[in-house]
Student: 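Sharing a structure below in structure tokens format, with a few things to ask.
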Amino acid sequence: MMETSKRAEAGVEFKRKNNCAQAVLLAFKPETGLEETVLKAMGSGFGSGMGGMEGTCGAMCGAAMAAGLINKSSTPTKMVCKEMLQDFKAAAGATICGELKGIKTGKMLFSCDDCVRQAVLGLEKHLDKLAEN
């Protein structure tokens, strides 16, 4: 069973009416300081993974965007995203949407809900580091 948090479960609830990237962005709305409409617009092109299941999981794209918006530290956002992506792959078995959904193999590795949970948890792990000035 995957560990979870209130924010991760809120992300899953956001997923009911939004794509995975939007759901993760909305889960971090308070930290970004942006309006819901702006966050939804930012994530709108990342449903079904970047490139329509051919690219990076939309939930991870949302987490990377949120990390960039939240980062007030001297740590480059790309370094935080690298660690989040490695952790995500270790948990899910892949980072490409089509692989996660088993499009070619017929074997789903991770559901969209679990992708959202894992992406939110991955960014939560770095919140204190990103808030440092």
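The residues of the chain are indexed from 1 along the displayed sequence. The figures that follow rest on heavy atoms only: side chains count, while hydrogens, waters and symmetry mates do not.
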Student: Check Leu69, Val120, Leu34 against Phe28 for a side chain to side chain contact (heavy atoms under 4.5 Å, CB included) and give me the one that passes.
Tutor: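 So, applying the side chain to side chain contact (heavy atoms under 4.5 Å, CB included) to Phe28 and each of Leu69, Val120, Leu34, only Val120 qualifies.
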Student: Below 4.5 Å, heavy atoms only, C-beta onward: do Leu121 and Ser5 meet side chain to side chain?
Tutor: yes
Student: If two hydrophobic side chains count as joined below 4.5 Å and joins carry through other members, does Leu26 share a cluster with Val12?
Tutor: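 No: no chain of side-chain contacts under 4.5 Å links Leu26 to Val12.
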Student: To the nearest 0.5 Å, tell me how far Cys57 SG sits from Lys89 NZ.
Tutor: 13.5 Å
Student: Taking atom CG of Leu109 and atom CG of Asp114, what is their separation to the nearest 0.5 Å?
Tutor: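 CG of Asp114 is found 11.0 Å from CG of Leu109.
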Student: Do Cys112 and Lys101 come close enough that some side-chain heavy atom pair is under 4.5 Å?
Tutor: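 Contact flag for Cys112/Lys101 side chains = yes.
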Student: If you measure from CE on Met65 to CE on Met60, what distance do you get to the nearest 0.5 Å?
Tutor: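 Reported value, rounded in 0.5 Å steps: 11.0 Å.
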Student: According to a 4.5 Å side-chain heavy-atom criterion applied to Ile, Leu, Val, Met, Phe, Trp and Tyr, with indirect links allowed, do Phe46 and Phe14 form part of one hydrophobic cluster?
Tutor: yes
Student: Find out if a path of hydrophobic residues (ILVMFWY) with successive side-chain heavy-atom gaps under 4.5 Å connects Leu130 to Phe88.
Tutor: yes
Student: Keeping the roles fixed (side chain from Asn18, backbone from Lys40), state whether a donor-acceptor pair exists under 3.5 Å.
Tutor: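 Judged by distance alone, no pair lies under 3.5 Å.
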Student: Who passes side-chain hydrogen bond (donor to acceptor under 3.5 Å, both in side chains) against Glu31, sequence neighbours left out?
Tutor: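 With neighbours one apart ignored, the set is Arg7.
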Student: Dump the intermediate steps for side chain to side chain contact (heavy atoms under 4.5 Å, CB included) on Lys129 and Met79, then the final yes or no.
Tutor: CA-CA 12 Å; Lys129 182 190 321 183; Met79 300 311 294; over 6 Å; no
Student: Side-chain heavy atoms under 4.5 angstrom apart, residues restricted to Ile, Leu, Val, Met, Phe, Trp, Tyr: same cluster for Met50 and Val116?
Tutor: no
Student: Around Glu54, counting heavy atoms of other residues, nucleotides and ligands shown, do more than 12 lie under 6.0 Å from its CD?
Tutor: no
Student: Whether the side chain of Lys107 engages the backbone of Lys104 through a donor-acceptor N/O pair (distance < 3.5 Å, no angle test) should be reported.
Tutor: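 Checking the backbone N and O of Lys104 against the side chain of Lys107, no donor-acceptor pair under 3.5 Å is found.
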